[in-house]
Number of protein chains: 2
Amino acid sequence: MRIGELARRTGVSERSLRYYEEQGLLAPTRSASGYRQFTDEHVTTVRGIRSLLAAGLSTAIIGELLPCMVDTGAGLAPGCPELVPELERERDRITAAIDELVTARALLEQVIANTPAAV
Amino acid sequence: MRIGELARRTGVSERSLRYYEEQGLLAPTRSASGYRQFTDEHVTTVRGIRSLLAAGLSTAIIGELLPCMVDTGAGLAPGCPELVPELERERDRITAAIDELVTARALLEQVIANTPAAV
DNA sequence: GTTGACCTTCACGCCGGTGTCAACTTCTAC
DNA sequence: GTAGAAGTTGACACCGGCGTGAAGGTCAAC
């Protein structure tokens with residue numbers, strides 16, 4: 001499929017998809033005329049990218065990580081052992097981020113709850 | 001206390017503390033010679049700011065929110081009813097962000113788990 | 001009177017993402 | 001087979017928002 005369809009199927013703008021390619025996160029083939037050609041797997045890849053970006057991973061790290069995530073439908077494949085320590089750091093960072101979010105949400109809840117309904 | 005001590009006690013750089021003041025999040029008094037004077041309450045305030053920033057709230061929103069959070073030791077005070085809808089939106093956004101983080105973490109865990117220990 | 005903490009100001013960095021544009025390709029309809 | 005619409009391309013610049021860097025000066029404690 002071409003970029004427009006991938007954009008529709010992932011909800012990611014064409015512009016961002018080109019940006020991801022520029023950052024080395026996507027490597028579509030090209031048609032004779034230069035159009036990017038994506039496969040169904042790229043849909044999965046893009047979802048993974050969004051998820052990891054949302055988790056605060058940089059495009060650089062995601063770029064290292066993706067080759068270790070051959071998306072065979074369900075899951076992941078080979079694995080790059082040398083990346084594990086970094087991934088563990090990221091995982092711990094994410095856990096810390098979750099804690100912070102929970103704390104902040106509790107703070108907001110408290111403010112909301114203590115607010116006299118209307119005035 | 002002056003800015004250096006507040007920085008030490010909160011772990012936030014002096015530079016950022018000045019930035020927060022610039023954004024209207026902190027309103028220290030000033031000594032005759034112009035030094036910022038912070039109180040113990042400011043320590044609490046700065047922690048709240050960091051928590052909310054970490055949760056993705058903008059300094060602008062935090063600036064609106066802070067006056068509704070007179071930190072009387074335990075908790076919060078008056079409340080600004082007109083802010084509630086926005087706070088609820090933010091709360092929901094935070095909840096969504098937590099979900100995304102959990103998803104991303106699971107993704108990482110999966111990669112880590114599937115990685116052949118060493119090679 | 002030197003040293004370290006603090007002051008203001010202006011500019012810059014990062015980074016994911018967007019705006020825009022002319023030129024090209026592909027599709028649709030006749 | 002041709003016109004026009006729709007889709008795509010690369011390139012360059014720019015944005016928002018949370019900061020940070022550095023210059024050049026003031027203040028206070030010893």
Side-chain angles (χ1 to χ4, degrees), chain A residues 1-39 42 45-66 90 93-94 97 100-101 104, chain B residues 1-39 42 45-66 86 90 93-94 96-97 100-101 104:
Chain A
M1 82 197 75
R2 293 180 312 194
I3 197 166
E5 187 179 346
L6 183 61
R8 276 189 299 280
R9 286 174 61 177
T10 58
V12 176
S13 73
E14 300 179 10
R15 204 66 191 69
S16 293
L17 293 173
R18 292 195 192 100
Y19 172 72
Y20 294 160
E21 186 193 21
E22 192 182 321
Q23 300 302 307
L25 307 187
L26 290 174
T29 55
R30 295 286 183 136
S31 72
S33 57
Y35 282 14
R36 294 173 179 82
Q37 296 290 351
F38 297 95
T39 67
H42 284 119
T45 304
V46 170
R47 294 201 177 119
I49 291 171
R50 296 295 278 193
S51 176
L52 294 171
L53 277 176
L57 273 71
S58 67
T59 53
I61 288 178
I62 297 173
E64 292 178 36
L65 178 53
L66 283 178
E90 290 296 341
R93 202 187 44 66
I94 291 171
E100 280 181 335
L101 287 178
Chain B
M1 82 196 74
R2 291 180 311 192
I3 198 167
E5 186 178 345
L6 183 61
R8 275 190 301 279
R9 285 175 61 177
T10 59
V12 175
S13 74
E14 299 178 10
R15 204 64 192 72
S16 292
L17 293 172
R18 292 194 192 101
Y19 173 71
Y20 295 158
E21 185 192 22
E22 190 181 322
Q23 301 302 309
L25 307 187
L26 291 173
T29 55
R30 296 285 183 138
S31 72
S33 56
Y35 284 11
R36 293 172 181 82
Q37 297 288 352
F38 298 93
T39 68
H42 283 119
T45 304
V46 170
R47 294 202 177 119
I49 292 171
R50 296 295 276 192
S51 175
L52 295 171
L53 277 176
L57 274 71
S58 68
T59 53
I61 289 178
I62 297 173
E64 293 178 36
L65 177 53
L66 283 178
E86 187 162 19
E90 290 294 343
R93 202 186 44 66
I94 291 172
E100 280 180 334
L101 286 178

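Chain letters run A, B, ... following the sequence lines, proteins first and then strands; every chain starts at 1.
- With rounding to whole Å, A/L17 atom CG is found 13 Å from D/dG10 atom P.
- Closest approach to the A/Y35 side chain among C/dG16, D/dT9, C/dC6 is made by D/dT9 (side chain taken as heavy atoms from C-beta onward).
- Here B/S16 reaches the OP1 or OP2 of D/dT20: one of its side-chain N or O atoms lies under 4.0 Å away.
- Separating the CD1 atom of B/I3 from the C1' atom of C/dG4 is a distance of 15 Å, rounded to the nearest angstrom.
- Taking 4.0 Å as the cut-off between side-chain N and carboxylate O, A/E14 and A/R18 count as a salt-bridged pair.
- Comparing C/dC6, C/dC24, D/dT20 by their closest approach to the side chain of B/R15 singles out D/dT20.
- To the nearest 0.5 Å, atom CG of residue A/L53 and atom CG of residue A/L25 are 7.0 Å apart.
- Both A/A60 and B/F38 lie near DNA chain C, and the one whose nearest nucleotide falls closer to the 5' end is B/F38.
- When rounded to the nearest whole Å, the span between CG of B/L6 and C1' of C/dC6 equals 14 Å.
- Neither OP1 nor OP2 of C/dC7 sits under 4.0 Å from any side-chain N or O of B/S33.
- Atom pair B/R18:CZ and D/dA23:P shows a separation of 16 Å (rounding to whole Å applied).
- One interatomic measurement links the two molecules: CZ of A/R8 to C1' of D/dG7, which rounds to 9 Å at whole-angstrom precision.
- Taking only side-chain nitrogens and oxygens, A/R50 comes nearer than 4.0 Å to OP1 or OP2 of C/dG17.
- Between A/E14 atom CD and C/dC21 atom P there is a gap of 17 Å when expressed in whole angstrom units.
- Between C/dG17 and A/Y20, a contact under 4.0 Å exists linking OP1 or OP2 to a side-chain N or O.
- At a threshold of 4.5 Å between non-hydrogen side-chain atoms, the residues A/V46 and A/F38 do not count as touching.
- OP1 and OP2 of D/dG16 both lie 4.0 Å or more from every side-chain N or O belonging to B/S58.
- The shortest non-hydrogen separation linking B/L101 to A/A54 is CD2-O, 4.0 Å.
- Heavy atoms of A/R36 sit under 4.0 angstrom from primed sugar atoms or phosphate atoms, though from no base atom.
- For C/dG17, the OP1/OP2 oxygens have no side-chain nitrogen or oxygen of A/Y19 closer than 4.0 Å.
- Using a 4.0 Å heavy-atom distance criterion, A/Q23 is classed as making no nucleic acid contact.
- Mapped onto DNA chain D by nearest heavy atom, B/S13 and B/R2 fall at different nucleotides, with B/S13 at the one closer to the 5' end.
- Residues A/E90 and A/I61 are in side-chain contact: their nearest non-hydrogen atoms beyond the backbone lie under 4.5 Å apart.
- The CD atom of B/E22 sits 11 Å away from the C1' atom of D/dC18 (whole-angstrom rounding).
- Taking atom CD on B/Q37 and atom P on C/dC7, their separation rounds to 9 Å, with Å as the unit.
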